[in-house]
Undergrad: 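Have a look at this one before I ask anything.
When reading the values below, keep in mind they use all heavy atoms of this one structure, side chains included, and skip hydrogens, waters and symmetry mates. In what follows, chains are A, B, ... by sequence order, proteins preceding strands, each numbered from 1.
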Amino acid sequence: MMNCKQASQLISQDVDNLLSTRERFALKFHLLICKYCSRFSQQLKALHVAITGMSKSIEDDTSIKLPSEAKQKIVKSLESEK
Amino acid sequence: MTTNNVHDWLNEHGDYLYRFALARLRDPHQAEDVVQETFMAVIKSNNFAEQSSPRTWLTGILKHKIIDLMRKSSREMAASDLMSDQDANMDEFFDDKGAWADKPKVWDAPESALEQKQFFKVLQSCIDKIPAKLATLFVMRDVHETDNEEICKELNITTTNAWVMLYRARMGIRKCLEINWTGNHKQ
């Protein structure tokens, strides 16, 4: 019988599509009888959605600009490259 | 590339490239550095294909600079960080029978925009708490930009190392969220 520690490892690997058919089957069975691992699985899914959303919100936030000192530094480096 | 071109591009796309890097590295200084390296590479290069848009081309170079940075930091990673077996250091999460030490709770998704914002703040602070290399790997993986094979190739790590690191990162972040994101937990 698989314990929760082993199941949690498989759940994480499943996110990355690393499970064999047999492992996936064994995990499914564990998830049917274990509500805590089911929650953990839901949490990893939620985490994935959140992290994608957070990156997108930074990328789309046009109020974030390249700091002017950094820009000056780049201009200077470009000049010295000439 | 002519200097004029590159200066125009810096004005036009610099902010976007900075946001792109910041979204992935989450460190303002590192983000500035990779943007600078991108433009330095550009001025030395003559490969711009007129048919592609400058932004797409610049973003492609930036992506490589970000991966280079990850590769460098992974080299600095202690061997013990990489090589330990799958069961190492997970004792805080499970008891000796392999059952959850702290039972995972039900999370409610943040509903309002304000809640969402607060949640991002907590999530960011949790990501900052785990080792930086794990955090970067986690973000690179989970914004779905890099598939596993590419991560392993670029970072010169085995598939096993990659999944152990990702597993650790996820376990650490979720535990931190469970403690710090108190949005209507149900037992």
Undergrad: Take A/Q43 and B/E178 through the test side-chain contact (heavy atoms from CB on, under 4.5 Å) and record every step on the way to the result.
TA: CA-CA 10 Å; A/Q43 289 178 351; B/E178 193 135 288; 2.9 Å; yes

Undergrad: Which atom names give the shortest non-hydrogen contact between B/K97 and A/N3, and what distance separates them?
TA: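 Looking at all heavy atoms of both residues, the closest pair is O-ND2, 3.4 Å.
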
Undergrad: Rounded at 0.5 Å granularity, tell me how far CH2 in B/W107 sits from NZ in A/K45.
TA: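 If I round to the nearest 0.5 Å, the distance is 13.5 Å.
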
Undergrad: Could you pull out the closest heavy-atom pair between B/G14 and A/L66, with the gap in Å?
TA: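 Here B/G14 and A/L66 meet closest at O-CB, 4.1 Å.
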
Undergrad: Report the distance from atom CD of B/E37 to atom OG of A/S77, rounding to the nearest 0.5 Å.
TA: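 With rounding to 0.5 Å, CD (B/E37) is 10.5 Å from OG (A/S77).
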
Undergrad: Name all residues meeting the side-chain hydrogen bond (donor to acceptor under 3.5 Å, both in side chains) criterion together with A/T62; count only those two or more places apart in sequence or in a different chain, and write none if there are none.
TA: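 None.
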
Undergrad: Report yes if the side chains of A/S8 and B/W100 come closer than 4.5 Å at any heavy-atom pair, otherwise no.
TA: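 Sidechains of B/W100 and A/S8: in contact.
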
Undergrad: Could you tell me if the side chain of A/S57 sits less than 4.5 Å from the side chain of B/F120, heavy atoms only?
TA: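 B/F120 vs A/S57: side chains touch.
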
Undergrad: So, for A/Q9 and B/Y167, which heavy atoms are closest and what is the spacing to 0.1 Å?
TA: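 It is CG-CZ, 3.4 Å.
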
Undergrad: When you compare the side chain of B/R24 with that of A/I58, does any pair of heavy atoms fall below 4.5 Å?
TA: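 No. Closest side-chain heavy atoms not under 4.5 Å.
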
Undergrad: Holding to ring pair (Phe, Tyr, Trp, His ring centres under 6.0 Å), I want the full list of residues that pass it with B/F39, two or more places apart in sequence or in another chain.
TA: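 Ring pair (Phe, Tyr, Trp, His ring centres under 6.0 Å) check on B/F39 returns nothing, list empty.
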
Undergrad: Tell me which of these, B/G98, B/A31, B/P28, has more heavy-atom pairs under 4.5 Å with chain A than the rest.
TA: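 Of B/G98, B/A31, B/P28, B/G98 has the most heavy-atom pairs under 4.5 Å with chain A.
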
Undergrad: Using non-hydrogen atoms and a 4.5 Å limit, figure out which bit of A/I64 sits close to chain B: side chain, backbone, both or neither.
TA: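 Contact with chain B involves both backbone and side-chain atoms of A/I64.
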
Undergrad: Look up atom CG in B/L17 and atom CD1 in A/I74, then write down how far apart they are to the nearest 0.5 Å.
TA: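 Rounded to the nearest 0.5 Å, the CG-CD1 separation comes to 9.0 Å.
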
Undergrad: Does any non-hydrogen side-chain atom of A/M54 lie less than 4.5 Å from one of B/I127?
TA: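 Sidechains of A/M54 and B/I127: in contact.
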
Undergrad: Mind listing the closest non-hydrogen atom pair of B/R170 and A/L44 along with its distance?
TA: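 Shortest heavy-atom separation between B/R170 and A/L44 comes out as CB-CD2, 3.7 Å.
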
Undergrad: For a 4.5 angstrom cut-off between non-hydrogen side-chain atoms, does A/K5 reach B/F93?
TA: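 The answer is no, as the side chains (C-beta and beyond) never meet within the 4.5 Å cut-off.
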
Undergrad: Hey, does B/H7 have a side-chain heavy atom less than 4.5 Å from the side chain of A/E79?
TA: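 Answer yes - side chains close enough.
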
Undergrad: Do other residues, nucleotides or ligands put more than 12 heavy atoms under 6.0 Å from the NZ atom of A/K76?
TA: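 At most 12 heavy atoms, drawn from other residues, nucleotides or ligands, come within 6.0 Å of this atom.
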
Undergrad: Quick one: are B/V42 and A/L78 in side-chain contact, heavy atoms under 4.5 Å?
TA: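 The answer is no; the side chains never approach within 4.5 Å.
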
Undergrad: Given B/M171 and A/F40, is the side-chain contact (heavy atoms from CB on, under 4.5 Å) satisfied, shown in steps?
TA: CA-CA 9 Å; B/M171 290 295 280; A/F40 174 69; 3.5 Å; yes

Undergrad: Ion pair present between A/D16 and B/R141, side-chain N to carboxylate O less than 4.0 angstrom?
TA: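 Answer for the salt bridge query: yes.
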
Undergrad: Can you name the nearest heavy-atom pair linking B/Y16 to A/E59, along with the distance?
TA: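 Scanning both residues completely, I find the closest heavy atoms to be OH-OE2, 3.6 Å.
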
Undergrad: Mind listing the closest non-hydrogen atom pair of A/C4 and B/A99 along with its distance?
TA: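 Scanning both residues completely, I find the closest heavy atoms to be CB-CA, 4.2 Å.
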
Undergrad: Can you tell if the side chain of A/K73 reaches within under 4.5 Å of the side chain of B/D33, non-hydrogen atoms only?
TA: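 A side-chain contact exists here, since the closest heavy-atom pair is under 4.5 Å.
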
Undergrad: Taking every non-hydrogen pair under 4.5 Å, which of A/C34, A/A7, A/C37 racks up the most with chain B?
TA: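 Of the candidates given, the most pairs with chain B belong to A/C37.
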
Undergrad: Considering only heavy atoms, which portion of A/K71 lies under 4.5 Å from any heavy atom of chain B: side chain, backbone, both, or neither?
TA: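 Both the backbone and the side chain of A/K71 come within 4.5 Å of chain B.
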
